[in-house]
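One structure below.
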Amino acid sequence: EMNAVGGQEVMMTALQPKDIWEKTDRWDDKKVDNWFKTKLINGTELGVGLTHEEPIVDAVSKYVSSYKDLPFSVYQIQSKFRNELRAKSGLLRGREFLMKDMYSFCRDQDQHLEEYEKVVRAYFRVYDRLGLGDITYRTYADGGIFTPRFSDEFQTLSEVGEDTIYVDESKRIAINEEIMTDENLEKLGLDRNNLVEKKGVEVGNTFHLESKYTDALGLYYADEKGEKQSIIMGCYGIGVSRLMGVIAEIFADDKGLVWPENIAPYRVYLVRIGGEEAVKIADKLYDELITKGIEVLYDDRDVHAGQKFADSELIGIPWRVTVSDRLINDGVVELTARKDGQKTLLTAEQLLAKLS
RNA sequence: CGGGAUGUGGCGCAGUUGGUAGCGCGCACGGCUGGGGGCCGUGAGGUCGCAAGUUCAAGUCUUGUCAUCCCGACCA
């Protein structure tokens with residue numbers, strides 16, 4: 001989805017030089033209190049990346065100089081490090097976490113807002129594809145000190161959430177408790193009477209950065225008249241590892257995890273029960289599935305059927321395919337959906353067709 | 001940092017008024033069983049987080065220390 005809105009994938013270093021952070025006045029521990037910092041053997045100080053506005057502006061400055069280069073977006077999926085006072089709730093808040101962060105560069109506010117809304121729509125496609133779209137709300141939140149605008153959080157409703165938000169169900173929009181004042185409600189056109197209090201997990205966040213970072217690091221563009229202009233930046237984050245935690249929390253049942261099909265580590269859990277004939281058929285089916293590009297976890301362990309079934313459910317692979325002596329006699333295999341446990345008997349050909 | 005709790009075989013835990021450790025799972029071997037974590041037998045595996053101290057004797061008591069977890073501040 002990031003590629004679809006024009007994002008170009010990059011990978012930045014986690015180790016970061018001090019000087020660029022001093023230019024934006026974010027190096028000092030008094031300004032940013034959750035830095036992990038380290039030193040080279042020669043004493044040079046380094047920061048361990050907690051976000052990447054500074055290094056991306058620094059890197060982009062070698063490629064952007066004209067209005068013709070804009071708009072321009074880059075993103076990465078990378079581990080971030082933040083020295084939180086307290087890590088908690090497993091994947092929901094760790095000091096090291098995986099994040100997708102994208103940065104957009106635009107010539108003016110109009111272009112920026114167009115890009116920004118494009119990314120917001122892409123974010124909802126991401127949440128839809130993960131099966132979270134219905135319970136995830138665009139939520140107004142504090143935009144930070146350097147922008148008059150609100151930022152947008154993407155809050156997935158869950159009792160385990162750390163955030164309190166107020167949802168306007170008819171508008172499919174919410175506002176974070178942190179900024180819920182009469183003044184802000186009026187500004188946003190929200191009516192207190194239509195708001196319902198909910199708990200949410202912040203699974204994404206998008207910010208209007210104005211030209212704070214580009215100006216501070218000296219990144220400008222030349223317009224049609226050759227005049228130097230400020231570049232308007234946006235930044236967009238999705239907490240990838242946190243999202244995994246949310247998905248585990250929301251979809252799991254009493255038997256274990258239930259992974260949505262498009263992010264499951266495997267699509268098929270192949271259970272083999274029985275003797276030589278079953279081994280032969282299962283081996284063949286495994287090869288055929290792999291050849292079709294279908295990821296299969298083959299449970300060829302010498303354990304009881306019940307254990308294989310229980311493990312397949314615990315791990316949460318979307319589809320379980322069972323090959324057994326009994327089924328072979330009928331010329332079929334059994335397909336079981338993890339989501340609802342529904343079972344279907346199919347021939348190998350029908351199975352391959354269905355999963356293709 | 002404030003408050004609370006926990007560290008004992010690989011994992012999960014028990015261990016009484018101090019007397020040198022036990023259970024379940026897992027593992028190894030043998031056998032039975034064979035579509036929902038099945039059963040029987042035999043066996044391997046532990047400086048009790050670390051360091052001092054009290055004591056004839058410390059998993060157990062005292063002090064210190066380290067680590068982890070939970071609540072709070074903070075935070076994607």
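Naming: A, B, ... by sequence-line order, numbering from 1 per chain. Only this structure's heavy atoms are used, side chains among them; waters, hydrogens and symmetry mates stay out. Every value quoted in this text rests on a predicted model; they were computed, and no experiment measured them.
- Two rings, from A/Tyr213 and A/Tyr103, have their centers 6.0 Å or more apart.
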Protein-nucleotides 68-72 of chain B N/O pairs under 3.5 Å:
unit_1	atom_1	unit_2	atom_2	d
B/rC71	OP2	A/Arg86	NH1	3.2
B/rC71	OP2	A/Arg86	NH2	3.0
B/rG72	N7	A/Arg86	NE	3.4

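- With rounding to whole Å, A/Asp325 atom CG is found 15 Å from B/rU33 atom C1'.
- As rounded to whole Å, 17 Å separates atom P of B/rA76 from atom CD of A/Gln78.
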For nucleotides 4-6 of chain B, list the nitrogen or oxygen atoms of the protein found under 3.5 Å from its nitrogen or oxygen atoms, one pair per line.
none

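- Here A/Gly245 lies out of heavy-atom contact (under 4.0 Å) with every strand.
- Using cut-offs of 30° and 60° for the angle between ring planes, the A/Trp35 and A/Trp21 rings count as perpendicular.
- Exactly one of A/Asn205, A/Thr136, A/Asp163, A/Val203 qualifies for a side chain to side chain contact (heavy atoms under 4.5 Å, CB included) with A/Gln155. That residue is A/Asp163.
- Contact annotation for A/Glu153: no contact, since no heavy-atom pair falls under 4.0 Å across all strands.
- Among the protein residues, A/Glu202 comes within range of the sugar-phosphate backbone only, with heavy atoms under 4.0 Å from sugar or phosphate atoms but none that close to a base.
- Residue-level contact check: A/Thr51 touches neither bases nor backbone, having no heavy atom under 4.0 Å from any strand.
- Checking A/Asp168 against A/Tyr137 by side-chain atom types alone, no donor-acceptor pair falls below 3.5 Å.
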Pull out every protein N or O sitting under 3.5 Å from an N or O of nucleotides 36-42 of chain B, one pair per line with the distance.
unit_1	atom_1	unit_2	atom_2	d
B/rG36	O4'	A/Gly306	N	3.4
B/rG36	O6	A/Arg320	NH2	2.7
B/rG36	N1	A/Glu313	OE2	3.0
B/rG36	N2	A/Glu313	OE1	2.4
B/rG36	N2	A/Glu313	OE2	3.4
B/rG37	N1	A/Asp311	OD1	3.4
B/rG37	N2	A/Asp311	OD1	2.7
B/rG37	N2	A/Asp311	OD2	3.4
B/rG38	N7	A/His304	NE2	2.5
B/rG38	O6	A/His304	NE2	3.3

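- Ion pairing between A/Glu153 and A/Arg138 fails under the 4.0 Å rule for side-chain N and carboxylate O.
- Residue A/Leu50 is out of contact with every strand shown, counting any heavy-atom pair closer than 4.0 Å.
- Rounding to whole angstrom units, CG of residue A/Asp163 and C1' of B/rA76 are separated by 9 Å.
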